[in-house]
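The block underneath contains the structure these notes are about, expressed in structure tokens.
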Amino acid sequence: MEYNHKEIEPRWQQYWQEREVYKVNPDPTRPKFYVLDMFPYPSGAGLHVGHPLGYIASDIYARYKRLQGFNVLHPMGYDAYGLPAEQYAIQTGQHPEKTTTENIARYRSQLDKIGFCYDWSREVKTCDPEFYKWTQWAFQLMFESYYDTATNRAEPISKLTAHLAAHGTEGLHAAGGKELSFTAEEWAAMTPKEQSDVLMNWRIAYLGHTMVNWCPKLGTVLANDEVCEGVSLRGGYPVEQRLMYQWCLRVSAYAQRLLDGLEKLDWTDSLKETQRNWIGRSEGAEMRFKVAGKDDLDLEIFTTRADTIFGVTFMVLAPESAYVSQVTTPEQKEAVEAYLNEVKHKTERERMIDKKVTGVFSGSYAVNPLTGREIPIWISDYVLAGYGTGAIMAVPAHDSRDYAFARKFDLPIIPLIEGADVSEQSFDAKSGKMINSAGPELNLNGLEVKDAIARTKEFIAEKGIGKVKVNFRLRDAIFSRQRYWGEPFPVYYKDGIPHMLPADRLPLLLPEIDQYLPTEKGEPPLGRAKNWQTPEGYPLELNTMPGFAGSSAYYLRYMDPRNSEALVSPEANAYWQNVDLYIGGTEHATGHLIYSRFWNKFLYDRGHIVCDEPFKKLINQGMIQGRSNFAYRIKDTNTFVSAGLKDQYDVTPIHVDVNIVSNDILDTEKFRAWRPEFNNAEFILEDGKYVCGWAVEKMSKSMFNVVNPDDIVERYGADTLRLYEMFLGPLEQSKPWDTNGIDGVNRFLKKLWKLYDGGVDDSAPSAESLKTLHTLIKKVTSDIEQFSYNTSVAAFMICVNELTAQKCHSRAILEPLVILLAPFAPHIAEELWHSALGHQSTVCDAHWPAFDPSVLVENEVTYPVSFNGKMRFNLTLPASMGQEEVIAAAMGAEGAAKWLDGKTVVKTIFVPGKIVNIVVK
RNA sequence: GCUCGAAUGGUGGAAUGGUAGACACGAGGGACUUAAAAUCCCUUGACCAUUGCGGUCGUGCGGGUUCGAGUCCCGCUUCGAGCACCA
């Protein structure tokens with residue numbers, strides 16, 4: 001009988017589904033293992049062959065762990081809220097829910113064909129009210145919490161209000177936006193509205209005036225990770241800065257913990273590094289500079305280079321800094337206003353593109369606290385308002401940006417490090433000996449930079465000029481979106497004060513609206529909803545939550561997906577804990593993976609879950625790129641020339657649909673039928689074939705290089721697809737999809753089939769076959785642990801070839817082989833398990849074979865013998881021989897004589913199982 | 001600019017400091033077949049010798065450590081990724 005995937009695969013998929021083979025429940029008698037994929041956004045284009053790469057990898061691991069006796073949680077769901085469905089709704093008027101439901105159905109059918117072992121009974125969708133109830137709940141909990149910097153965790157806001165009522169801000173330890181100072185009496189005297197506004201300074205979910213990335217084209221704000229190089233990640237539309245009153249999450253309060261938490265995670269170094277960059281911790285000092293002639297005004301600045309204070313020759317303020325109006329003198333007023341105006345009209349993008357040095361003098365001078373010297377205060381947009389204090393001390397000799405500014409405006413440059421040549425550029429390195437750094441109270445001359453920084457910090461703290469300060473680049477997350485297709489905020493407004501809906505009114509359902517556009521008044525789309533108010537008549541919040549809201553805690557929901565009382569029950573959470581293995585793309589490094597860790601830590605602080613990190617081990621699968629094919633049309637003709645001959649003509653390369661090309665050979669008939677303009681195309685062939693050129697590009701419709709997994713499954717089967725995707729190369733590496741090699745994997749499955757088709761009997765296995773099998777067990781087990789799936793596939797190929805050559809029919813060999821293969825190619829394994837091996841139960845319940853090292857022990861060993869590292873000959877000796885005997889035999893062996901001739905042996909090196917090396921002189 | 005990776009045949013890629021190129025594709029040759037498909041066998045890093053043995057060079061470049069380096073160390077080159085007027 002021939003191997004027929006078309007018959008086998010649907011049959012077993014149905015079997016698994018009917019018997020709920022992959023359904024799991026907590027089982028205290030077995031250890032748990034949680035394998036999770038980053039759930040997909042179901043786009044209209046469906047899955048291409050790149051998407052399942054990570055899913056296949058996690059599926060193999062999940063199946064492997066199950067065979068090892070673990071109770072494996074391996075769920076799947078959909079990140080269903082998002083911009084594309086809404087954009088589509090705006091264009092067509094179709095409800096995003098309809099589009100989303102259709103897309104999910106398509107994804108599901110595509111996923112089902114690949115044979116994953118998901119427990120579909122645990123499926124979640126972020127747009128499902130049963131799911132987003134808990135997104136809304138978490139938001140409310142954040143509103144009712146603040147971050148206590150003394151206990152170093154989120155605490156109920158009631159603890160904070162109690163403190164304010166008793167002591168005012170005196171002795172308050174809370175992460176906040178501004179340093180506020182008031183007494184208990186002042187707090188008590190505030191109106192409810194004032195109290196509400198003040199509390200926003202500390203709430204973890206708060207309303208705040210912030211500079212946001214506003215995308216006019218999309219009509220919404222975007223988070224920092226949704227913007228790249230000044231344009232929106234989705235759509236590529238320009239983004240500008242705008243001050244808006246928005247819901248925000250105080251992610252910044254968790255910056256240090258997010259950084260520290262990385263230490264104990266089993267993530268790749270590069271991913272941790274990316275997160276460290278994003279969090280951007282920098283340790284420095286905050287220092288106050290007096291303004292000459294204004295006794296009541298200090299400029300507060302942040303610097304990491306306190307040591308360079310003797311080289312400060314001017315100060316710079318960000319244009320948005322509150323200091324600007326205070327230091328601008330009447331004479332300079334006009335010039336400053338003109339400059340501010342100019343800066344305001346530049347978008348973020350424009351600022352980034354033209355890096356022209358611009359600025360204006362404020363008219364005032366600051367006083368260097370160490371030298372007493374007066375230095376001018378400038379205003380320039382190279383200083384960012386949002387980082388540090390929005391003001392800097394400029395040290396042109398040792399900072400390239402200050403240097404450029406000093407050169408442009410002809411300001412003095414004082415070198416502070418011995419041997420630093422600052423005539424052409426600044427010396428930014430933090431090394432060398434200090435010079436020119438002595439004042440009446442502090443002398444840094446001769447110190448190393450590192451020591452000078454420490455010494456200066458000490459000094460300024462003693463003198464009360466400043467203090468040591470840690471700054472983070474990580475900003476609070478802006479949590480409002482002016483969109484329709486997202487979670488509604490469970491918030492209403494009464495007398496201008498935001499209130500949370502009571503718990504029994506959750507979930508607050510997303511209302512129906514007539515058009516998915518902002519209202520005439522410029523309100524978000526929810527402004528169109530009828531009766532969008534509480535039963536008492538209070539207006540509800542019109543913004544919706546961003547995409548990351550629903551994806552931040554979904555992993556918890558899978559543990560207990562139908563619970564209507566809690567996000568996850570304590571019992572389910574105690575059993576499943578957190579994700580043991582998370583697989584997904586690296587594009588989520590600074591978005592989802594930061595928010596999710598934040599969200600998780602918050603829920604942990606408030607006692608709702610048991611783990612303070614969500615994802616123990618994380619693997620980033622590489623991207624599968626497209627491999628485009630080209631045909632070469634001779635200019636101004638309809639004649640196409642094969643790739644090998646194209647240089648003889650003047651040609652235009654044209655993208656050809658890769659689905660009508662096989663092994664770079666174009667199917668010319670299909671090509672003619674592909675598009676009307678190629679109907680009467682002529683071809684200049686080589687060796688009777690039309691060979692296409694190729695290039696690696698992004699997989700996209702416009703390049704005609706999208707390969708649908710359905711087509712591969714149809715032609716070769718899911719098992720071939722699974723094996724081939726793993727065989728393509730290391731999991732974590734990006735690589736182009738190239739169908740050229742798929743036949744090799746398919747051939748392997750046919751050989752495997754043939755091996756079992758030859759019959760299975762109970763004969764005793766040969767020593768040779770045992771060796772083949774146990775070599776495979778050892779290799780595959782260690783490869784799976786290291787996610788080195790490509791080499792395991794190679795090991796299977798070798799094994800099957802050897803067993804075929806050995807004419808092995810022994811059940812003792814062929815049965816374990818099927819189990820080893822089951823994670824990789826579950827359909828054929830299941831089929832062989834039943835038909836060839838005669839089992840009634842599913843192969844999923846088998847036990848992973850144990851490795852027996854004794855099978856591999858040889859009675860003879862072949863040693864490569866080398867002299868001075870040069871490989872000379874092989875020597876086969878009994879395994880029982882000891883080191884001394886082996887070396888003696890090597891020196892006495894034929895061929896050794898010319899190396900030993902008249903030379904003395906310096907030393908001998910014996911590496912068991914590897915090599916015998918004899919060093920002679 | 002800073003940080004982190006990577007570089008191996010025609011191609012994708014293997015190699016705990018120990019015979020570089022596993023495995024696969026592609027290519028070439030052969031068997032079976034009227035023929036094709038399918039299947040099987042041989043060759044396939046380069047160069048020299050191929051009348052046999054074989055020999056020389058080879059993991060981006062230049063040094064170093066070591067009996068021995070694709071692998072470790074130092075210095076470059078190129079490519080990729082992340083961050084980027086973050087003081």
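Naming convention: chains lettered A, B, ... in sequence-line order (proteins, then strands); numbering from 1 in each chain.
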Gap in Å between the two P atoms, one belonging to B:C74 and one to B:G82, rounded:
26 Å
Sugar-phosphate only, base, or nothing, as touched by A:N868 at under 4.0 Å among non-hydrogen atoms:
sugar-phosphate
B:U19 and B:G10, which share atom name C1', separated by this distance in whole Å:
25 Å
Output the rounded distance in Å from CD (A:E725) to P (B:A24).
20 Å
Distance-minimising heavy-atom pair for A:S426 and A:P396
CB-O, 3.4 Å
Between P of B:U3 and CZ of A:R276, the distance in whole Å
14 Å
Counting only side-chain heavy atoms from C-beta out, which of B:A87, B:C85, B:G18 sits nearest to A:T304?
B:A87
Which pairs count as salt bridge (Lys or Arg N to Asp or Glu O under 4.0 Å) when at least one residue sits in residues 781-801 of chain A, sequence neighbours excluded?
A:K779-A:D783
May I ask you to decide if the ring planes of A:H398 and A:F427 are parallel, tilted or perpendicular, using 30° and 60° as cut-offs?
perpendicular
Expressed as a whole number of Å, how far does the P atom of B:A69 sit from that of B:G17?
14 Å
Can you work out whether A:Q275 or A:D402 has the more 5'-proximal nearest nucleotide on RNA chain B?
A:Q275
Presence of A:Y387 side-chain N/O under 4.0 Å of B:A87 phosphate oxygens OP1/OP2:
yes
Using the P atom in both, what is the distance from B:A36 to B:G29, to the nearest Å?
13 Å
Per the 3.5 Å Watson-Crick/G-U criterion and a run length of at least three, the stems involving RNA chain B are B:1-7 with B:77-83, B:10-12 with B:23-25, B:26-31 with B:39-44, B:45-48 with B:54-57, B:60-64 with B:72-76
CD1 of A:I915 versus C1' of B:U66: gap in Å, rounded?
13 Å
Heavy-atom closest pair (A:I413 atom, A:V422 atom, distance to 0.1 Å) is CG2-CG2, 3.9 Å
On RNA chain B, check which nucleotide each of A:W278 and A:D783 is closest to and give me the residue with the more 5' one.
A:D783
Between B:U65 and B:A14, how far is it from one C1' atom to the other, in whole Å?
27 Å
Using the P atom as the reference point in each nucleotide, state the distance between B:U44 and B:A24 in Å, no decimals.
15 Å
Give me the distance, rounded to whole Å, that separates B:C61 from B:U51 when you measure between the C1' atoms they each carry.
42 Å
note: A:K750, atom NZ; B:A24, atom P; distance rounded to Å ~ 15 Å
Syn or anti: how is B:G9 classified when any glycosidic angle within 90° of 0 counts as syn?
syn
Counting heavy atoms from C-beta on, name the nucleotide in B:C83, B:U39, B:A87 closest to the side chain of A:T590.
B:C83
Identify the heavy atoms of A:A890 and A:F867 that sit nearest to each other, and give their distance.
O-CZ, 4.4 Å
Closest of B:C25, B:G18, B:A87 to the A:I909 side chain is B:G18
Taking the inter-plane angle between the rings of A:F409 and A:F405 on a 0 to 90° scale, is it parallel (under 30°), tilted (30 to 60°) or perpendicular (over 60°)?
tilted
Can you tell me, in whole Å, how much space there is between the C1' of B:A15 and that of B:U71?
9 Å
Can you check the A:D757 CG to B:A38 P distance for me, whole Å?
20 Å
From the set B:G18, B:A87, B:U39, return the single nucleotide nearest to any side-chain atom of A:K754.
B:U39
With respect to the phosphate group of B:U3, does any side-chain polar atom (N or O) of A:S270 fall under 4.0 Å of OP1 or OP2?
no
Mind calculating the distance between CH2 (A:W753) and C1' (B:A38) to the nearest angstrom?
18 Å
Closest non-hydrogen atom pair, A:L728 against A:P736
CD2-O, 4.3 Å
To check you understand the geometry: which heavy-atom pair defines the closest contact between A:E342 and A:T358, and what is its length?
OE2-CG2, 4.5 Å
Rounded to the Å, how far apart are A:K751 NZ and B:C23 C1'?
11 Å
Applying side-chain hydrogen bond (donor to acceptor under 3.5 Å, both in side chains) to A:D757 and A:Y3, what does each step give before you reach the verdict?
CA-CA 9 Å; A:D757 213 28; A:Y3 167 55; over 6 Å; no
I'd like to know whether CE of A:M891 has more than 12 heavy-atom contacts from other residues, nucleotides or ligands below 6.0 angstrom.
yes
Aromatic plane relationship, A:W737 with A:Y724 - under 30° parallel, 30 to 60° tilted, over 60° perpendicular
perpendicular
What is the distance from CD of A:Q733 to P of B:C79, rounded to the nearest Å?
18 Å
N/O (side chain, A:R747) to phosphate O (OP1/OP2, B:C25) under 4.0 Å:
yes
Which is true for A:R281 with a 4.0 Å heavy-atom rule: it touches a base, it touches only sugar-phosphate, or it touches nothing?
nothing
Select base, sugar-phosphate, or nothing to describe what A:N790 touches, counting heavy atoms under 4.0 Å on all strands.
sugar-phosphate
Residue A:T303, side-chain heavy atoms: nucleotide from B:A87, B:G12, B:C25 that is nearest:
B:A87
Quick one: label A:P736 by what it contacts on the DNA or RNA (base, sugar-phosphate, nothing), any heavy atom closer than 4.0 Å.
nothing
Go through B:A84, B:C4, B:G13 for me and flag the one nearest to the A:R473 side chain.
B:A84
Give one of base, sugar-phosphate or nothing for A:L728, where a contact means two heavy atoms less than 4.0 Å apart.
sugar-phosphate
Sorted by number, residues from residues 791-800 of chain A placing a heavy atom under 4.0 Å from RNA chain B are A:T791, A:A794, A:M797, A:I798
Side chain of A:T274, heavy atoms from C-beta onward: which of B:C85, B:G13, B:G82 has the nearest atom to it?
B:G82
Parallel under 30°, tilted from 30 to 60°, perpendicular over 60°: which one fits the rings of A:Y789 and A:F787?
perpendicular
Cation over ring, A:R597 on A:W278, under 6.0 Å and within 45°?
no
Assign A:K272 to base, sugar-phosphate, or nothing according to its heavy-atom contacts below 4.0 angstrom with the strands shown.
nothing
